[in-house]
Amino acid sequence: MDTSGAQEYDRLQELKTSDEKKAGVKGLVDSGLQKIPKIFVRPAEELAKDLNYKRAQIEAPVIDLGDLEKTHWHKQIVEEVRIASETWGFFQVGNHGISLNVLNVMLDAIQKFNEQDVEEKKKYYKQDNTRRVRFNSNFDLFTSRTSSWRDTLAISFSDPDQINSDDLPDLCRKSVIEYSKLVNNLGNILFGLLSEALGHEPEHLRNMDCSEGHRLSCHYYLACPESELTLGTAKNSDPGFLTILLQNQIDSLQIFFQNQWVDVQPIPGAFVINIGDLLQLVSNGKFTSNKHRVVANRLVPRISIACFFSGPIHMDKIFYGPIKELISEENPPEYREWGNLVMVLVNRSGAMVVLLAGGFVCGNGMGDGSGG
Ligand SMILES: O=C(O)CCC(=O)C(=O)O
């Protein structure tokens, strides 16, 4: 009699009821498992459909921010940002002013956090979003149809009640605080360039509070014994305004561009920048929030640190719609506003985006709200 199905079911029950789930995907790998639990297996039809897409031999734009202060180069950089944001919704930036050493120290600290004694990590375990610092495997483990093969330490930095540094794990406290400040500055610079790329003063998007508050999702993607059956991060677009992503040198991030998957090759010292759903929305569809995913691999762990700029934490008091100055007779609103507490936006192709009080975006045309 084949009992493997029953055993797998028992194992999932065990994960659900015991605190084993607090050990995350790393706990599963350390237990020596060779077959991944069903909850991580992507539906066959999704995998088959995805495999049919070509792997493209093209690369997302790389923009050098080194000469930003020089007028001539500043204009050139704004133009490169505009083209990349309109076409790809993704680009990499180099010479951004944050040293390679700071980036490596941060990646190293996240690796150490994940590879430390599991009992220490468990102290930060929280399945829902009620804590500013939380460690879990997937925020929607057991509630979504399929889970991603990764563990995540998420840290929210938002006014008015700034994070207490004592709440951060010892192993990465110093690096996280320094990194968060520097990446926040870089976010402000990028919002300036993006405002200019939309034809506005550099302060425009910052004045709309787009850069207020950010969240770090520090992902640890483990080597997977059945990597062809799962994903590190499922296809999604980011719900907020902008994401600044740091990755180690393991290439697994892919962008869905012109009906093909394009690898985002890691460049030492560079950040990957991507436009989120809300920036697509306020730019009235001029900028593109593109889908992306992370494939799993059999050999080595991948680390990435996504910094999400999703606007003020108290989004129930703020409603975003297309920037008024971008609207004209030739450029009518791509999205329109209904209601008060819940804003429903419908673009011309009929795709619907719902912005709920609390700042969560979901829809059938843009993000699926799974960003991190
Ligand atoms: O790890 C990455 O490269 C991307 C992560 C991501 O897409 C997300 O957190 O939403």
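If you read the sequence from its start, that first residue is 1, and numbering goes on from there. In each ligand, atom 1 is the first atom listed, and ligand 1 is the first ligand listed. Side chains are part of it too, since the values below use all heavy atoms of this structure and drop only hydrogens, waters and symmetry mates.
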Exactly one of Phe191, Phe241, Phe157 clears ring-ring contact (aromatic ring centres under 6.0 Å, His included) with Phe309, and that residue is Phe191
For ligand 1, which atoms have a heavy atom of Phe308 less than 4.0 angstrom away?
8 (C), 9 (O), 10 (O)
With heavy atoms of Asp238 as the reference, note each atom of ligand 1 found under 4.0 Å away.
10 (O)
Between Ser304 and ligand 1, find which residue part has any heavy-atom pair under 4.0 Å and reply side chain, backbone, both or neither.
side chain
Checking contacts here: is it the side chain or the backbone of Tyr220 that comes within 4.0 Å of ligand 1, counting heavy atoms only? Could be both or neither.
neither
Report the part of Thr243 in contact with ligand 1, treating N, CA, C, O as backbone and CB onward as side chain, heavy atoms under 4.0 Å; options are side chain, backbone, both, neither.
neither
Can you tell me which portion of Val272 lies within the under-4.0 Å heavy-atom range of ligand 1? Options are side chain, backbone, both, or neither.
neither
Using the salt bridge (Lys or Arg N to Asp or Glu O under 4.0 Å) rule, pick out the option among Glu86, Glu325, Glu334 that qualifies with Lys286.
Glu86
Can the positive tip of Lys26 be found less than 6.0 Å from the middle of the six-membered ring of Tyr220, inside 45° of the ring normal?
no
Under 4.0 Å from a heavy atom of His292: give me the atoms of ligand 1 that qualify, with their elements.
7 (O)
Could you state the interatomic distance from OG1 (Thr152) to CG (Asn114), rounded to the nearest 0.5 Å?
8.5 Å
Could you check whether the rings of Phe257 and Trp88 sit parallel, tilted or perpendicular, using 30° and 60° as the cut-offs?
parallel
Taking Val25's backbone N and O only, do any of them form a donor-acceptor pair with Asp151's side chain (distance below 3.5 Å, no angle check)?
yes
Using a strict cut-off of 4.0 Å, indicate which atoms of ligand 1 neighbour a heavy atom of Val294.
1 (O), 2 (C), 3 (O), 4 (C)
So, applying side chain to side chain contact (heavy atoms under 4.5 Å, CB included) with Ser283, which one of Leu194, Ile275, Leu198 is it?
Leu198
Please could you name the atoms of ligand 1 that Tyr221 approaches to less than 4.0 Å, counting only its heavy atoms?
1 (O), 2 (C), 4 (C), 5 (C)
Hey, what's the ring geometry for His200 with His204, parallel, tilted or perpendicular (30° and 60° as the breaks)?
parallel
Of Gln247, Arg302, His219, the residue with the heavy atom nearest atom 3 (O) of ligand 1 is Arg302
Ligand 1 atoms in contact with Leu245 (distance to a heavy atom under 4.0 Å)
2 (C), 3 (O), 4 (C)
